[in-house]
Amino acid sequence: MTLNLSNLLASQIASQVTEYLAYDSNYNTDSLKKINFVTAANGLFRVEKTDTAVFKTKVQDFKDSIPGLNEMTEGPELLVPKIPFKYLQMALSFYRDVHTKDGTEASLLFFWNKDNKALPVKYSDDTPMKGLLVDGQLVVYVPRQENSTGLSEFHGDPMVDWLRQNLSLLAETHSHHCMNAFFSSTDDANENSTQFYGVWGQIKNEKPAFAFRYVTGKSKKLICPSVLFDWPKIVTTSTHVISSTVPGFESQTFTETAEELYLGPFENIEYPAEWMDQHVKKYVPKVKSTYPSNSYLAKANGKLQPLSGQTSLFPEDYEGDLYGLEEALYGSHLLNEGYGGHSAVPFSTNDFENAEIVQFLDLKDEVNKLDIADNVADLTADYAKLGYNQIIEAAIGAVKQNQI
């Protein structure tokens, strides 16, 4: 008999973090392991438990209901108190001020201090800690961040790593300033920890836009923010009177009430002044798009496709940064708004899919064709899905000039 120690060790580790359960009267959230596969009457669910929430995702439907088991509902189950809305309103106020000052996005994070650990008072570079706000076990942190019109980055802040290692992840939020609230492909690529995420958009509007979701495993599910935040609500009451001219008919009055999220307006409220010290505007190189509208790309099927199928929103001698172009497009009348996302101009979104460069206007660029093609593919992949032809035009023009 040969004993495979590697497989044995792997199975022992797996048994410590994974459980297979039935959703019946014996099911108990307290006894859940980190990853659980739960058989319910209506399907198989992946149930992930953290210190702050239980995240339930259906992975398999059953053709027939299983007798003796309960039905499970997809979604998160919060294990800690809801976050007071005032902190989300502070975030909104901070985002507004950052945009007023520098026209950029910004970020704010939430953690749960389950074990009441003492927080650092200095950064690793021995400078005083800033950006922390503590309310019991809730920790609000505005990280050291470098922000641009289309991106907020805080991976260079060592305190974020410390909080992630020593506290429990709860939620990360960022702003889309004048753009709508949605989760971009960049967000999809970066937001993979098991926790909640949120976006504030159109922050200068009387009624800002917002989108919230949770991530668990490979699933990213939109949620109502009232699951996580003590979000203010409004109650509307309507009265209906039923009457008739029929002799002997007595009028009847019915009253109906409906509860829904309060959507604004949200006034600015005070937040720690040092939060603004955590924000730095990122330098984005200026680009000048001179790529002519009659230049061509070759589609995968070999047919030539014009780079821009419609009149550009920007002149060919436009000078600015790509994020500025993106913001202008998001704010334009060409975009249709929707809750938790957005849709682009109603034209084909796959015209540039699998496209390749077939001709350079400047022959000296041929020597760098492969590198330039790779850069074009990276820059245009996300925008092509959304149909942003004008941004693609500017991006290719900028790459051609080796400016980004």
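These numbers come from a predicted model, not from an experiment.
Checked against the 6.0 Å centroid threshold, Phe212 and Phe183 do not count as a close aromatic pair. Between Phe85 and Phe229, the gap from one ring centroid to the other reaches at least 6.0 Å.
At a threshold of 4.0 Å, the pair Lys56-Glu74 does not count as salt-bridged, since none of the basic side-chain nitrogens sits closer than that to a carboxylate oxygen.
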Can Thr50 and Ser168 be said to form a side chain to side chain contact (heavy atoms under 4.5 Å, CB included), step by step? CA-CA 8 Å; Thr50 69; Ser168 301; over 6 Å; no
Step by step, would you call Val140 with Leu132 a side chain to side chain contact (heavy atoms under 4.5 Å, CB included)? CA-CA 6 Å; Val140 184; Leu132 279 173; over 6 Å; no
Could you go through Val47 and Leu21, starting from their C-alpha distance and side-chain angles, then the distance that decides it, and tell me whether this counts as side chain to side chain contact (heavy atoms under 4.5 Å, CB included)? CA-CA 10 Å; Val47 180; Leu21 302 168; over 6 Å; no
Are Asp187 and Ser184 close enough, and set up right, to give a side-chain hydrogen bond (donor to acceptor under 3.5 Å, both in side chains), and what steps lead you there? CA-CA 5 Å; Asp187 296 332; Ser184 67; 3.3 Å; yes
Begin from the C-alpha positions of Asp102 and Thr104 and carry the test side-chain hydrogen bond (donor to acceptor under 3.5 Å, both in side chains) through to its verdict. CA-CA 6 Å; Asp102 288 320; Thr104 71; 5.6 Å; no
Evaluate side chain to side chain contact (heavy atoms under 4.5 Å, CB included) for Lys122 paired with Thr127, printing each intermediate quantity in order. CA-CA 5 Å; Lys122 291 185 178 182; Thr127 57; over 6 Å; no
With salt bridge (charged side-chain N to carboxylate O under 4.0 Å, His left out) as the criterion, how do Glu153 and Lys282 come out once you've worked through the C-alpha distance, each side chain's angles and the decisive distance to 0.1 Å? CA-CA 9 Å; Glu153 299 178 271; Lys282 182 178 182 179; 2.9 Å; yes
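Atom OG of residue Ser124 and atom CE of residue Met129 lie 8.5 Å apart, to the nearest 0.5 angstrom. Lys49 NZ to Thr194 OG1: the interatomic distance, rounded to the nearest 0.5 Å, is 14.5 Å. Atom CG of Leu163 and atom CG of Leu119 lie 7.0 Å apart (nearest 0.5 Å). In this structure, Ser219 OG and Glu48 CD are separated by 10.0 Å, a value rounded to the nearest 0.5 Å. With values rounded to the nearest 0.5 angstrom, Glu19 atom CD is found 4.5 Å from Lys33 atom NZ. The line from NZ of Lys58 to CZ of Phe45 is 4.5 Å long, rounded to the nearest 0.5 Å.
Between the side chain of Lys82 and the main chain of Ser226, a donor-acceptor pair closer than 3.5 Å is present. Using modelled atom types, one side-chain atom of Asn42 and one backbone atom of Met72 make a donor-acceptor pair closer than 3.5 Å. Judged purely by atom type and a 3.5 angstrom limit, Ser193 has no side-chain atom pairing as donor or acceptor with the backbone of Gln195. In this structure a side-chain-to-backbone donor-acceptor pair under 3.5 Å is present from Gln137 to Asn113. Remark: the backbone N or O of Pro143 is not paired with any side-chain donor or acceptor of Tyr141 at under 3.5 angstrom. Arg96 places a side-chain N or O within 3.5 Å of a backbone atom of Ile203 that can act as its donor or acceptor partner. Judged by distance alone, with hydrogens and angles left aside, the side-chain atoms of Gln89 form no donor-acceptor pair with the main-chain N or O of Asn268 at under 3.5 Å. Using a distance-only test at 3.5 Å, with no hydrogens or angles considered, no donor-acceptor pair links the side chain of Tyr23 to the main chain of Gly43. The backbone N or O of Arg144 sits less than 3.5 Å from a side-chain atom of Asp157, completing a donor-acceptor pair. Side-chain atoms of His279 do not come within 3.5 Å of backbone N or O of Glu146 as any donor-acceptor pair.
Side-chain contact of Lys220 with Asn192: a donor-acceptor pair under 3.5 Å is present, judged by distance alone. Side chain to side chain, Ser31 and Asn28 fail the donor-acceptor criterion of an N or O pair below 3.5 Å. Under 3.5 Å, the side chains of Ser152 and Ser107 contain a donor-acceptor pair of N or O atoms. In the model, Asp97 has a side-chain atom that pairs as donor or acceptor with a side-chain atom of Tyr271 under 3.5 Å.
A 4.5 Å side-chain heavy-atom check between His174 and Val199 finds at least one atom pair inside the cut-off. Contact annotation: the side chain of His177 approaches that of Met179 to within less than 4.5 Å [non-hydrogen atoms, C-beta and beyond]. A heavy-atom distance below 4.5 Å is found between the side chains of Ile223 and Phe196. The shortest distance between side-chain heavy atoms of Thr257 and Thr236 does not fall below 4.5 Å. Using a 4.5 Å cut-off on side-chain heavy atoms (C-beta onward), Thr173 and Leu109 make no contact. Counting heavy atoms from C-beta on, the side chains of Phe266 and Lys207 never come closer than 4.5 Å. Two residues are said to be in side-chain contact when any heavy atoms from C-beta on lie closer than 4.5 Å; Gln145 and Glu105 fail this criterion. Residues Leu169 and Phe111 meet the side-chain proximity criterion, which asks for heavy atoms closer than 4.5 Å.
Heavy atoms only, all atoms of each residue included: Ala106 and Phe94 are closest at CB-CE2, 3.8 Å. Heavy-atom minimum distance, Glu274 versus Gly131: OE2-N, 2.8 Å. Looking at every heavy atom in both residues, Phe55 comes nearest to Pro76 through CD2-CB, 3.9 Å. Shown here for Gly201 and Ala181, the closest heavy-atom pair between the two residues is N-CB, 3.8 Å. Closest heavy-atom contact between Pro208 and Leu92: CG-CD2, 4.1 Å. Of all heavy-atom pairs between Leu261 and Cys224, the closest is CD1-SG, 3.7 Å.
The residue from Trp200, Tyr95, Phe182 that alone fulfils the ring pair (Phe, Tyr, Trp, His ring centres under 6.0 Å) condition with His176 is Phe182. Residue Ile83 forms a side-chain contact (heavy atoms from CB on, under 4.5 Å) with just one option from Leu228, Leu78, Leu88, Asp135, and that option is Leu228.
Using bins of under 30°, 30° to 60° and over 60° for the plane-to-plane angle, the ring pair Phe37/Tyr20 lands in the parallel bin.
Counting heavy-atom neighbours within 6.0 Å of Gln252 CD, excluding the residue itself, gives a total above 12.
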